Structures are given as structure tokens and as C-alpha cells.
Number of protein chains: 2
Amino acid sequence: MQLTLHTDYALRVLIYLAMHPNQRVTITELSTFFNISRNHLVKVVHNLGLKGFIQSVRGKNGGLYLSRSADQIRVGEVVRQMEANFHIVECFNPQKQGVCPIQGKCKLTSLLCRAKEQFLKELDGTLLSEVLLNK
Amino acid sequence: MQLTLHTDYALRVLIYLAMHPNQRVTITELSTFFNISRNHLVKVVHNLGLKGFIQSVRGKNGGLYLSRSADQIRVGEVVRQMEANFHIVECFNPQKQGVCPIQGKCKLTSLLCRAKEQFLKELDGTLLSEVLLNK
DNA sequence: TATAAGATGTATTTTAAATACATCTTTAAA
DNA sequence: TTTAAAGATGTATTTAAAATACATCTTATA
Ligand code: SF4
Ligand code: SF4
């Protein structure tokens, strides 16, 4: 059970932006600081933009900044938006309906759904501003 | 975020065995019922044996049965044992220590750890015997 | 003692994620 | 008004893990 690097990278970007408020941060700066493939970061950043977490300015002196301040962003929200799928087990996947012969009768489905919600609920309890580096 | 099919298959096997107590169930029977690659099921079953959930008898009239009764097995325990890794993010992986430059300073680590525990705690609250088919 | 069952090890296939590459568009400073 | 710096977008390739397949060995009992 793991989140994708894509989601982890998204969180790193948001943390960095939160630590540099009122600035335009470039993807290259992020890529260098985190030592992450710039090409991949571009996609993460693009996705963060689509989901409304960040704004971008093109051209000279362009860069990225948070759409909302860090104390207005819940970690759970970021994970929900950035993680592509939460198909904990096969029957959660709309494209795999009926593959498992006990689907509909198995009570694991609802249990795992509750477990997933507990996971996200815990993340909802923390704001991006509370995640910033200790020292 | 998803569990491996391996873990899901393991749960299916345990559910089936729990529904057929005092019987020896063959892998072939399981493979047919669940329509799962027999070869793959063999590995799942073997792993369930290693982890002490089931016993097996070889030879004619052999088969599998639960080591403990279904009301003595917590779902969380099965998931903890069968899921190969719980490296929610990169820094959870012992082989990736120090790759993320903010590791040690980022408070996401402990937050995600708590979230993971909440996920498993929810699963710990249900026994295998409570998961059996409704009807 | 024949055969049905699981055990074990290796190899291949499949899939999704991660990464790389190429090119286009926007913007503001020079 | 030109130009370079920045992000946007689309496609292709690589990687790694999971899933599946194949082959052979061991055990137990009818
Ligand atoms: S119905 Fe139960 S056993 Fe089947 S895929 Fe869903 S959770 Fe797993
Ligand atoms: S330290 Fe924080 S940002 Fe880095 S891998 Fe761990 S959770 Fe992600």
C-alpha cells in the first residue's frame, strides 16, 4: 500500500511554495532543490494547477505560487485530488465490476471503504501550514 | 493507493475456508470458484501457510483449512501480514533513506504514519467471521 | 505403488508509474 | 519589438513491480 511518487512530489512542491510565500518559484528551482526529474515535475506542477492548488505565470520572471495560503489547504484534500486512484481492492474499480465472484456479498468492501476514509480523515486534520519544516 | 491482488486473493481464500469449516479445500477448488490463475493462488496459499493462517495436508484427500477459527482472525492482521510493503511515501522505505532532501524535517512522515495506523485500526475492528457473505 | 495433492523455484508477461524528449505558447524585460 | 525565460502540452521510452505461466519435486493415502 503506497501513494504514488506523483502525489508525494505534489506535496513537496506545495511545502516548498508554502515556505516561500509572496515569491514566484520556478520549476527548475524546485527540480534542483528536490533533485527530481524536471520533466516529471512539470507534470506534477501542471496537475497541481488543474486542481487549483497553484497559479503559474509564464514568461520572464514567471513561476509558481499557491492559489490559497498554506493554512487554507488540508493535506487530505491534496492527497484526494492528486492520487489517481483509490481502488483499494479490485471491486472498487468501476472497470472490474463482477470480476470477483463474491462481490456484493462480501462485507470487506464496506470495511475497506471505511478504512480508506479513516486514512484520509487523519490527513484532513492537518493543514499544509502545519507540515512545514521544523527547523 | 491500493492493496495488491495478492492480499485481496489471500482474503478471498480465508473467506472461502471460513465458510467451509471442518473441510479440506483444495487449491484447484479455490482457483475454479474464484476464477483465479491456479499458479498465482499457489503462491498466495503458500504465503498464508508461512504466516500461520492456514494448514495444509498433502496427498490424496489433502487440502487446506484455517489454523484458527474465523472468529479468532482480525482482518487487519491478515492485511498487515500479507501486504508486502506499507511504504506510503518514499521516506518510509529503508532503501530510500535520504533521497528526499527534506526528510527528517518534514512533518508529513509522522502524519502519514498515523493515517496508515488509522487505516489498519479500522480493519482490526472486524473479524474474519464477520466478513462472511451476507446471503 | 499409483496418484492426487501441495511445495518450490524460475521465467515470462503485463501494467502502471516514472522518466525522457520534442515542440509550442506566453510574457515581460531589454 | 525582439528575445529569452518561463510554463504548456503531447508522445515515446524506460523501469519496476505485480501477476501469471511453466517445470519439477515432495508428501501422503487409498
Ligand atoms: S468483493 Fe470482497 S473479496 Fe471480492 S474484490 Fe471486493 S473486497 Fe475483495
Ligand atoms: S520527507 Fe516528507 S516530502 Fe519527503 S518523502 Fe517523506 S513525506 Fe514525502
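What you see is a predicted model; the values in this text were computed from it and never measured. In what follows, every heavy atom counts, from backbone to side chain, and hydrogens, waters and symmetry copies are set aside. Within every chain, numbering begins at 1; the chains are lettered A, B, ... in the order of the sequence lines, protein sequences first and strands thereafter.
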> Assess whether atom CG of A:Asn35 is packed by more than 12 heavy atoms of other residues, nucleotides or ligands within 6.0 Å.
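Atom CG in A:Asn35 is not packed in, count stays at 12 or less.
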> Would you call the rings of B:His6 and B:His40 parallel, tilted or perpendicular, where under 30° means parallel and over 60° means perpendicular?
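Answer is tilted, since the angle falls between 30° and 60°.
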> To the nearest Å, give me how far apart CD (A:Gln55) and P (C:dT27) are.
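Rounded to the whole Å, the gap is 13 Å.
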> Using atom CE of B:Met1 as one end and atom C1' of C:dA16 as the other, report the distance to the nearest whole Å.
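Those two atoms, CE and C1', are 17 Å apart.
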> Walk me through whether B:Tyr16 and B:Phe33 qualify under side chain to side chain contact (heavy atoms under 4.5 Å, CB included).
CA-CA 9 Å; B:Tyr16 192 94; B:Phe33 179 78; 3.6 Å; yes
> Are A:Arg12 and B:Glu90 ion-paired here, with the side-chain N under 4.0 Å from a carboxylate O?
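The answer is yes: the pair qualifies as a salt bridge.
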> For A:Leu14, which of A:Val131, A:Leu128, A:Leu64 qualifies under side-chain contact (heavy atoms from CB on, under 4.5 Å)?
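The single option meeting the side-chain contact (heavy atoms from CB on, under 4.5 Å) with A:Leu14 is A:Leu128.
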> Would you indicate what B:Gly63 reaches in the nucleic acid, counting non-hydrogen atoms under 4.0 angstrom: base, sugar-phosphate, or nothing?
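Touches sugar-phosphate only.
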> Closest-nucleotide mapping onto DNA chain C: is A:Arg24 or B:Leu64 further toward the 5' terminus? I mean the 5' end.
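The residue whose closest nucleotide sits nearer the 5' end is B:Leu64.
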> Could you pull out the protein-nucleic contacts involving nucleotides 19-27 of chain D (nitrogen or oxygen on both sides, under 3.5 Å)?
residue, atom, partner, partner atom, Å
D:dA19, OP1, B:Leu5, N, 2.5
D:dA19, OP2, B:His6, N, 3.3
D:dT20, OP2, B:His40, ND1, 2.9
D:dA21, OP2, B:Ser37, OG, 3.3
D:dA21, N6, B:Lys43, NZ, 2.9
D:dT26, O2, B:Arg58, NH1, 3.1
D:dT27, O4', B:Arg58, NH1, 2.8

> Among residues 77-102 of chain B, which contact DNA chain D at a heavy-atom distance under 4.0 Å?
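Correct list: empty, so none.
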> For C:dA5, does OP1 or OP2 lie under 4.0 Å from any side-chain N or O of B:Ser56?
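B:Ser56 to C:dA5 OP1/OP2: no side-chain N or O under 4.0 Å.
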> Please determine if A:Arg68 and A:Glu77 form a salt bridge, counting it only when a charged side-chain N lies under 4.0 Å from a carboxylate O.
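Yes, this pair counts.
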> Identify, between A:Gln2 and A:Val57, the residue whose nearest nucleotide on DNA chain D lies closer to the 5' end.
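Going by which nucleotide is closer to the 5' end, it is A:Val57.
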> Would you kindly give the CG-to-P distance between A:Leu48 and D:dG7, to the nearest whole Å?
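Spelled out: CG on A:Leu48 to P on D:dG7 is 13 Å.
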> Can you tell me if B:Ser31 and B:Thr28 form a side-chain donor-acceptor pair at under 3.5 Å?
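The criterion, which ignores hydrogens and geometry beyond distance, is not satisfied for B:Thr28 and B:Ser31.
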> Counting C-beta onward and ignoring hydrogens, is there a side-chain heavy-atom pair between B:Ile27 and B:Arg38 closer than 4.5 Å?
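SC-SC contact between B:Ile27 and B:Arg38 confirmed.
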